[in-house]
Amino acid sequence: MHNEHTDQHFQLRIDTEGHIEPRDYMPEGYRKHLIRQISQHAHSEVIGMQPEGNWITRAPSLRAKQILLAKIQDEGGHGLYLYSAAETLGISREEMIEQLHSGKAKYSNIFNYPALNWADIGAIGWLVDGAAIVNQVSLQRTSYGPYSRAMVRICKEESFHQRQGYEIMAKMMNGTKEQKEMAQDAMNRWWWPALMMFGPHDKDSPHTGDAVKWKIKRESNDTLRQKFIDKTVQQAELIGLKIPDNDIKWNEKTEHYDHGEIDWNEFHRVIKGNGPCNKQRMDHHIKYHNEGAWVREAAAAYKTKKLKKEELVIG
Ligand code: FAQ
């Protein structure tokens, strides 16, 4: 039942800060935009378990191992809320996974870099979750109800993740010369890819126009990136880490930190599939997805059987 009236009513609802719910009328472009963004967000959460998962067996203490395990499980849970939110828009989980495997759907650039040592686990929690949370706090006010509600819960868990990473970095910066060097080296490798997580500059971001009009995005890529830089520079200083950017400087006029140029060639190379770990991440996902086929089949068989029994009772 699409007509001009319904489109106007939809935009009015957005303009007056109303939520759009699954059964409400929505323009096709809004639905497609959300499926793209939410499914890519879900894929990022799940693929993001891989670099950290590598370190569960090598965590330096039982305490560190318990914390890391809990954090990685949370990320899997975030993926599940997000897949469910996307399913309310009329796409199935199978289709989303198919799009991931075929390369049609992206996932965050950041998970295509390797976690080489324990300091990387600190850097991921502090910088990667730190960047994710800045973006996700803003998305709590996104216009689509199921996405917005998923974000509220995810943000609560994400703030614990950011702190566990910062704690690892702070501990290492309080340690031996070698530990300090490891922490700085991890910072050097993760800083720039973390800045790229916010996406291209606003002027080069094709989806921002619609996203802002429909209040899917409440703040632009550059605004969120700047928020992340402003808070992270101060956290780095506090524990003695140096930002690997000679152009980082407080700007009295703007009251923000200026920063150097981001290497967008690297960003495009990585999101096109040619980063250091893209192939490894995808091969791993495909292998375990295929190996888990019997679980999905068994669950589906049980569902069919149960339905038949219920039908019999009704009959
Ligand atoms: N990586 O026009 P825009 C986490 C693509 S969660 C890859 O600006 P948009 C938690 C973009 O898709 C991290 N591709 O696009 C965790 C588009 O290509 P397309 C994930 C990127 O959507 C921690 C093209 O470039 N968070 O880390 C990236 O308006 C530790 C043009 O870009 C989210 O997904 C990128 N960084 O803005 C988990 C947050 N940036 O789709 C485990 C939700 C851009 O046309 C361990 N998403 N592209 O083929 C968003 O807020 C937005 O989608 C942006 C991109 C801001 C990512």
Side-chain angles (χ1 to χ4, degrees), residues 32-55 68 71-82 85-86 99-100 102-113 115 120-142 144 147-148 150-151 154-155 157-162 164-165 190 192-214 216-225 228 262 264 266-273 275 278 281:
K32 285 205 171 120
H33 191 119
L34 279 170
I35 289 178
R36 179 190 62 82
Q37 176 166 330
I38 303 174
S39 69
Q40 295 190 160
H41 196 163
H43 297 324
S44 304
E45 299 281 354
V46 171
I47 298 289
M49 296 166 81
Q50 291 187 37
E52 290 177 298
N54 260 339
W55 283 88
L68 185 61
K71 184 221 187 266
I72 298 172
Q73 274 182 347
D74 284 352
E75 306 298 3
H78 298 174
L80 296 184
Y81 315 150
L82 288 165
Q99 290 179 356
L100 171 69
S102 71
K104 185 171 173 240
K106 295 190 169 72
Y107 58 88
S108 182
N109 68 302
I110 196 77
F111 302 118
N112 294 306
Y113 293 86
D120 289 48
I121 299 304
I124 293 175
W126 174 42
L127 299 174
V128 176
D129 287 87
I133 200 171
V134 169
N135 176 289
Q136 292 172 158
V137 161
S138 178
L139 282 174
Q140 289 180 123
R141 295 187 298 118
T142 196
Y144 189 55
Y147 193 24
S148 158
M151 283 300 123
I154 287 176
C155 280
E157 294 174 348
E158 217 75 273
S159 69
F160 147 69
H161 299 168
Q162 194 264 356
Q164 67 85 34
W190 290 93
W192 292 102
L195 297 191
M196 294 173 198
M197 284 176 72
F198 296 93
H201 286 311
D202 297 349
K203 64 177 175 44
D204 303 318
S205 159
H207 298 300
T208 291
D210 280 345
V212 169
K213 178 178 83 187
W214 290 326
I216 292 173
K217 259 185 197 174
R218 305 302 303 239
E219 287 168 289
S220 76
N221 298 2
D222 285 328
T223 307
L224 293 172
R225 184 171 15 249
F228 170 72
I262 294 168
W264 294 111
E266 174 177 330
F267 172 76
H268 288 294
R269 206 167 49 241
V270 170
I271 69 170
K272 278 197 188 113
N278 297 61
R281 301 289 182 244

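Numbers here simply count residues along the sequence, with the first being 1. Start at 1 and go down the list; that is how both ligands and their atoms are numbered. For the numbers below, each heavy atom of this structure counts, side chains included, while hydrogens, waters and symmetry mates do not.
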*Going by the angle between their ring planes, with limits at 30° and 60°, are Trp264 and His268 parallel, tilted or perpendicular?*
tilted

Check ligand 1 for N or O atoms under 3.5 Å from a protein N or O and list each pair with its distance.
from: ligand 1; atom 1: 1 (N); to: Asn109; atom 2: N; distance (Å): 2.9
from: ligand 1; atom 1: 2 (O); to: Ser205; atom 2: OG; distance (Å): 3.0
from: ligand 1; atom 1: 2 (O); to: Pro206; atom 2: N; distance (Å): 3.2
from: ligand 1; atom 1: 2 (O); to: His207; atom 2: N; distance (Å): 2.9
from: ligand 1; atom 1: 8 (O); to: Ser205; atom 2: OG; distance (Å): 2.8
from: ligand 1; atom 1: 8 (O); to: Asn221; atom 2: ND2; distance (Å): 2.9
from: ligand 1; atom 1: 12 (O); to: Gln40; atom 2: NE2; distance (Å): 3.0
from: ligand 1; atom 1: 18 (O); to: Lys106; atom 2: NZ; distance (Å): 3.3
from: ligand 1; atom 1: 22 (O); to: Arg36; atom 2: NH1; distance (Å): 3.0
from: ligand 1; atom 1: 22 (O); to: Arg36; atom 2: NH2; distance (Å): 3.1
from: ligand 1; atom 1: 29 (O); to: Lys217; atom 2: NZ; distance (Å): 2.7
from: ligand 1; atom 1: 36 (N); to: Asn109; atom 2: OD1; distance (Å): 2.9
from: ligand 1; atom 1: 36 (N); to: Met196; atom 2: O; distance (Å): 3.4
from: ligand 1; atom 1: 36 (N); to: Met197; atom 2: O; distance (Å): 3.2
from: ligand 1; atom 1: 37 (O); to: Lys217; atom 2: NZ; distance (Å): 3.3
from: ligand 1; atom 1: 41 (O); to: Arg36; atom 2: NH1; distance (Å): 2.9
from: ligand 1; atom 1: 41 (O); to: Gln40; atom 2: OE1; distance (Å): 3.4
from: ligand 1; atom 1: 41 (O); to: Gln40; atom 2: NE2; distance (Å): 3.3
from: ligand 1; atom 1: 45 (O); to: His207; atom 2: NE2; distance (Å): 2.7
from: ligand 1; atom 1: 49 (O); to: Lys106; atom 2: NZ; distance (Å): 2.5
from: ligand 1; atom 1: 51 (O); to: Asn135; atom 2: ND2; distance (Å): 3.1

*Look up atom CD1 in Ile154 and atom OH in Tyr81, then write down how far apart they are to the nearest 0.5 Å.*
6.5 Å

_Pair Lys71 + Asp74: basic N to acidic O under 4.0 Å_ = no

*Okay, side chain of Asp222, backbone of Asp202: is any donor-acceptor separation there less than 3.5 Å?*
yes

_Listed partners of His43 passing side chain to side chain donor-acceptor pair (under 3.5 Å), at least two apart_ = Tyr83

*Using distance alone, with no hydrogens and no angle criterion, decide if His207 and Gln37 have a side-chain donor and acceptor under 3.5 Å apart.*
no

